[in-house]
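Accompanying notes for the structure given below.
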Amino acid sequence: MDGAHRPGRFATVSAWTVAIYLVLPITIILPVSMTDQRFLSLPKEALSLRHYATVLGSAEWLGSIVQSFWIALASTLLAVVAGTLCAIGCWRISRRSTDLIRGLMLLPIIIPSIVYAVGLYRYFARLGLLDSFLGVVIAHGVTGIPYVVITVATALAAFDPRLEQAARGMGASLGQTLRWVILPRIAPGIASGAIFAFIHSWDELVIVLFIASRDVFTLPRRIWDGINENLDPAMAAVAVLLVVFTVLLLLLDMALRRRRDAA
Amino acid sequence: MSSAGHAPSLQGLSKHYGSFRAVDDVSLSVERGQFLTLLGPSGSGKTTILMCVAGFVAPTSGAILLDGRDITALPPERRDFGMVFQGYALFPHMTVAENVAFPLRVRKLPTAERDAKVRAALDLVQLERFADRRPSQLSGGQQQRVALARALVFDPALLLLDEPLSALDKKLRAELQEELRALHRRVGRTFINVTHDQEEALSMSDRVAILNHGKLVQEGAPAALYERPRTRFVADFLGKSNFLTGTVREAHPGGFAIAVGATRVVQALDPAAPRPALGTPALLSLRPEKIALLAEGEAADNVVEGRILSWAYLGAGFALSVATPDLGVLRVTLPAWGAPIAPVERLPVRLGWSAAASVPVEEDAA
Ligand SMILES: Nc1ncnc2c1ncn2[C@@H]1O[C@H](COP(=O)(O)OP(=O)(O)O)[C@@H](O)[C@H]1O
Ligand SMILES: [Mg+2]
């Protein structure tokens with residue numbers, strides 16, 4: 001905003017401190033990943049890409065990347081369908097009780113994930129879902145729902161309810177109105193929710209530690225094990241790849257938002 | 001679908017929000033092919049009535065009939081009415097042609113037939129060249145016409161319009177009023193229009209229903225309402241009016257006289273109308289354009305003297321405020337062309353009007 005007051009010096013300094021604090025751990029990972037040493041350290045004599053080569057040549061790492069990707073994709077699908085339907089349902093009915101339901105749907109990001117993980121562990125043990133692809137997809141999908149509910153509810157708040165009335169006044173059924181009018185209008189919100197749900201699954205560790213052991217070995221889990229067992233710089237390389245991938249997704253989200261705002 | 005449009009009617013329609021009566025016992029029937037306007041100040045319940053007819057608002061009590069059939073419980077998508085919403089409610093993610101095609105797509109018309117109808121509808125509102133634009137790339141007047149085309153394309157027997165012209169500037173509004181009127185004549189459907197603009201109501205409608213606080217105050221042809229308002233509210237809302245409050249002093253068939261302070265004001269009366277009782281209070285509505293400036297010695301049924309308090313030049317005429325000893329400040333309008341005087345503040349003037357120029361009206365119920 002051009003006409004706004006300029007921030008004071010204190011505010012400027014604080015903002016930069018916070019920004020640096022947030023970014024620093026990520027920037028340190030980059031040189032570490034290019035170290036010429038055989039353990040986790042800063043490069044000594046030269047920069048090297050051999051740890052990247054290790055990662056991309058290792059069946060274990062690649063297997064984890066692929067597995068993480070499919071889990072994230074499937075759980076995103078679950079979160080998007082459930083979250084979108086829930087948000088639309090609450091919006092249409094719009095009573096005090098639906099506020100409660102919307103609040104309930106946000107629980108997974110309010111409750112500490114370790115509490116959630118303990119609870120899931122007990123139930124999944126009984127259902128035979130421990131250490132299974134399906135189990136992790138369900139766990140990640142359900143905990144990804146809040147992101148979709150939030151973004152879709154926001155998109156719906158900006159949706160002009162007269163458009164729905166107009167559609168129905170012209171004879172459109174509920175399904176037709178949903179397909180031709182409501183969904184196209186809130187698609188950017190759904191896409192945002194999907195991206196966040198994907199990222200959520202992609203770097204989720206705590207739940208996986210509880211409900212998976214040998215068969216399901218996601219990427220964050222392999223990094224975790226790697227740090228505990230040996231200080232292989234390959235982990236730093238993976239971390240950089242993870243960060244790059246996440247940033248790309250966020251850029252995609254921003255691009256989608258910009259397109260929506262321009263429309 | 002009937003070719004002359006539906007004849008909807010409201011029977012004792014009420015809509016309450018808690019203890020608040022947004023619509024209060026409104027009964028009204030519209031004839032086939034008629035252009036009816038619901039006129040009232042903001043908040044008088046016009047939109048609520050229209051939404052009840054369209055089926056988006058369920059009435060608290062009362063019924064909506066269509067050609068004699070009760071449709072109160074029919075969902076909106078089964079009513080087959082065309083509707084132009086306040087603010088148009090065009091679909092922003094569709095082109096003009098897609099917007100207009102929407103009701104046809106819903107009805108699963110074959111593509112060729114659909115395209116032909118869309119083209120004909122855009123033709124009707126002169127927007128053929130804009131078929132591929134988005135609503136956001138159109139001016140207000142063009143958007144309004146898209147909304148009209150979309151409402152008319154499936155040939156509904158009843159068209160509902162909620163303040164279709166209120167977002168437009170004055171000149172465009174006058175233009176589109178004429179277009180809408182011509183369109184109504186061409187398609188021959190029943191139109192129910194909502195507005196708070198009295199000029200629009202008078203110029204476009206076959207019939208006007210005036211609402212206040214959710215109640216139907218008076219309805220009738222525009223000229224009848226303007227010339228014979230029943231209450232102070234109607235006289236005041238439909239055009240401008242002076243009000244004279246006095247006590248009845250004489251009454252005979254064909255007229256009566258009231259005393260306003262020391263001034264005697266005579267009022268003509270339809271011989272069939274009941275005569276007011278002597279000594280009762282009376283209220284007269286007198287339109288500013290029905291007061292004339294009298295020359296020296298010129299006579300009229302009613303003559304009062306006063307001084308010009310203030311005046312304004314309006315292009316086509318002058319608007320004068322004249323202070324009189326007994327009648328208070330009277331508003332007078334004169335055509336500017338050939339006006340008998342050049343108005344000057346404090347200029348003494350003689351005002352005159354005929355006994356038939358004013359009308360007795362009722363005080364509004366509190
Ligand atoms: N959903 C609602 N809940 C409560 N009050 C409402 C609602 N809809 C309309 N009203 C009230 O009913 C009255 C009439 O509204 P409306 O029909 O929109 O008036 P108009 O179209 O004549 O301006 C207004 O006072 C409005 O505040
Ligand atoms: Mg309104």
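Labels below follow one simple rule: chain letters A, B, ... track the order of the sequence lines, proteins then strands, and each chain is numbered from 1.
Looking only at heavy-atom pairs under 4.5 Å with chain A, the residue among Ala89(B), Ala147(B), Ala151(B) that has the most is Ala89(B). For chain A, the option among Met83(B), Arg150(B), Arg105(B), Arg79(B) with the highest count of heavy-atom pairs below 4.5 Å is Arg105(B). Top candidate by heavy-atom pairs under 4.5 Å with chain A, chosen from Arg134(B), Arg107(B), Met94(B), Arg78(B), is Arg107(B).
Contact annotation for Leu104(B): neither backbone nor side-chain heavy atoms come within less than 4.5 Å of a heavy atom of chain A. Residue Gln165(A) touches chain B through both its backbone and its side chain, counting heavy-atom pairs closer than 4.5 Å. Residue Phe102(B) touches chain A through its side chain alone, counting heavy-atom pairs closer than 4.5 Å.
Scanning both residues, Val142(A) and Pro108(A), for their nearest heavy atoms gives O-CG, 3.9 Å. Taking all atoms of both residues into account, the shortest heavy-atom contact from Ala191(A) to Leu256(A) is CB-CD1, 3.5 Å. When all heavy atoms of Ala167(A) and Thr177(A) are compared, the pair lying nearest together is CB-CG2, 3.8 Å. Between Pro92(B) and Leu163(A), the shortest heavy-atom distance links the atoms CD-CD1, 3.7 Å.
Between Phe91(B) and His93(B), the ring planes lie tilted relative to each other; the angle falls in the 30° to 60° range.
Within the structure, side-chain hydrogen bond (donor to acceptor under 3.5 Å, both in side chains) contacts touching residues 109-118 of chain B (residues at least two apart or in different chains) do not occur.
Side-chain contact of Ser166(B) with His196(B): a donor-acceptor pair under 3.5 Å is absent, judged by distance alone.
Arg69(B) has no carboxylate O lying under 4.0 Å from a charged side-chain N of Asp67(B), or vice versa, which leaves the two without a salt bridge.
Outside the 6.0 Å centre-distance limit, the rings of Phe133(A) and Trp70(A) are not counted as a close aromatic pair.
Against chain A, the residues from residues 45-59 of chain B that qualify, each with a non-hydrogen atom under 4.5 angstrom away, are Met51(B), Phe56(B) in number order.
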